[in-house]
Number of protein chains: 2
Amino acid sequence: MMTMLQAYNVYEDRCPTRLVLDRLADKWALLILDRLESGPVRFNHLRRDIKGISQKVLSQTLKKLERDGLLSRAVFATVPVTVEYTLTPLGRTLTQTVAALAHWAEHNMDAVLAAQEAYDTAPSAR
Amino acid sequence: MMTMLQAYNVYEDRCPTRLVLDRLADKWALLILDRLESGPVRFNHLRRDIKGISQKVLSQTLKKLERDGLLSRAVFATVPVTVEYTLTPLGRTLTQTVAALAHWAEHNMDAVLAAQEAYDTAPSAR
DNA sequence: AAACATGGTTTCAAGTAGATACTATAGGAG
DNA sequence: CTCCTATAGTATCTACTTGAAACCATGTTT
């Protein structure tokens, strides 16, 4: 299948890639995708693992990611119904990049915190 | 310098990496960092290149990125004053990952749009 | 004098996120 | 029988953030 890569440009306002970037440039979406890398996870399990996310935002974010084809939703008719979220192959192509971003944050925290402190205590007029 | 990598965990609510992820999980910040990869750019040049960004948001985002030590701000006393923004070495370590994310969006647009259409036209109860 | 360029700040309306409470179903404890 | 637990969400209300537009200060061009 041939694709015209030049037809898409994230810098353009009306380019559909902006819609995708909007979705990816979302703290919760990144954390969810990263968390799903190791296998399927249930709703409340995600809620407990990703500290600070609310039920509403988790629900909304999962719905958007499913709509984008990045993860799939499987319902099991267990006693309290179980819902499992799994990365799709498309979603799987993303996680490596996403993980790199999340892990950059972990590795470069010290430098960023130092920069913030230097900035905040700088004597120059700001 | 030894760092305790295990001390940081993006899934934890109060972990400082969350602050960094908040910054990176920002559409405009990603676009700015990506745009600066090829060299220093002036304020209004960024504004024109990144279609749809407002002056206020550009100004605020640049300030945050400068505070985080990801880019530096240089003022030149030209006739209308010129301000140039440049990636710092720290910022430079990020751009490859950021570029990968932006370019994932460009490469996988077709699949995402197809998934959205399939989702929206699905007969299943949603 | 009016328009335009620079790099911003201010203001205000509108949209979004978060906290909390609520729904529905069914098993087990008392 | 009633209460508490668990599941996976939805509804509501408030507080914050975003975006659009106007404004500011300077100086050069028309």
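First the proteins, then the strands, lettered A, B, ... as listed; each starts at 1. Only this structure's heavy atoms are used, side chains among them; waters, hydrogens and symmetry mates stay out.
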With the side chain defined as heavy atoms from C-beta on, T82(B) is closest, among dG7(C), dT7(D), dG9(D), to dG7(C)
Mind checking K27(A) for me? I need base, sugar-phosphate or nothing, with any heavy atom below 4.0 Å counting as a touch. nothing
OP1 or OP2 of dG9(D) under 4.0 Å from side-chain N/O of R73(A): yes
Rounding to an integer number of Å, can you tell me how far D26(B) CG sits from dA17(C) C1'? 15 Å
Between atom CZ in R23(A) and atom C1' in dT16(C), what is the gap in whole Å? 14 Å
Which is true for R47(A) with a 4.0 Å heavy-atom rule: it touches a base, it touches only sugar-phosphate, or it touches nothing? nothing
For F76(B), report the nucleic acid contact type (base, sugar-phosphate, nothing); a contact means any heavy atom under 4.0 Å. nothing
Measure the distance from CG on N44(B) to P on dG8(C) and round it to the nearest whole Å. 9 Å
Specify the residue among V81(A) and K63(A) whose closest nucleotide of DNA chain D lies further upstream toward the 5′ end. V81(A)
R42(A) side chain near V83(A) side chain, heavy-atom distance below 4.5 Å: no
R48(B) side chain N/O closer than 4.0 Å to the phosphate oxygens (OP1, OP2) of dT6(C)? yes
Quick one: on DNA chain C, does H45(B) or K64(A) contact a more 5' nucleotide (nearest heavy atom)? H45(B)
Looking only at the side chains, is there a donor atom on one of Y8(A) and N108(B) sitting less than 3.5 Å from an acceptor on the other? no
Spacing of CG belonging to L101(B) relative to CD belonging to Q96(B), to within rounding of 0.5 Å: 13.0 Å
Among dT6(C), dT7(D), dG8(C), which nucleotide has an atom closest to any side-chain atom of V83(B)? dG8(C)
Check the distance between dA8(D)'s C1' and L62(A)'s CG and give it to me in whole angstrom. 11 Å
Expressed in angstrom and rounded to an integer, what is the separation of D13(A) atom CG from dG19(D) atom P? 11 Å
Quick one: does W28(B)'s side chain get under 4.5 Å of I50(B)'s, heavy atoms only? yes
Nearest-angstrom distance from the residue atom CZ of R18(A) to P of dG19(D): 11 Å
Would you check, one step at a time, whether the test salt bridge (charged side-chain N to carboxylate O under 4.0 Å, His left out) holds for K64(B) with D26(B)? CA-CA 11 Å; K64(B) 290 176 189 170; D26(B) 175 334; 5.3 Å; no
Which one, dA8(D), dG7(C), dT9(C), comes nearest to the side chain of F43(A)? dA8(D)
Got a sec: does the CD of Q60(A) have more than 12 other heavy atoms crowding it under 6.0 Å? yes
Using a cut-off of less than 4.0 Å, is there contact between a side-chain N or O of W28(A) and OP1 or OP2 of dA17(C)? no
Taking only heavy atoms on the protein side, list every residue of residues 49-61 of chain B lying under 4.0 Å from any atom of DNA chain C, sorted numerically. Q55(B), K56(B), S59(B)
In this structure, which one of R48(B), K51(B), R35(B) forms a side chain to side chain contact (heavy atoms under 4.5 Å, CB included) with Y11(A)? R35(B)
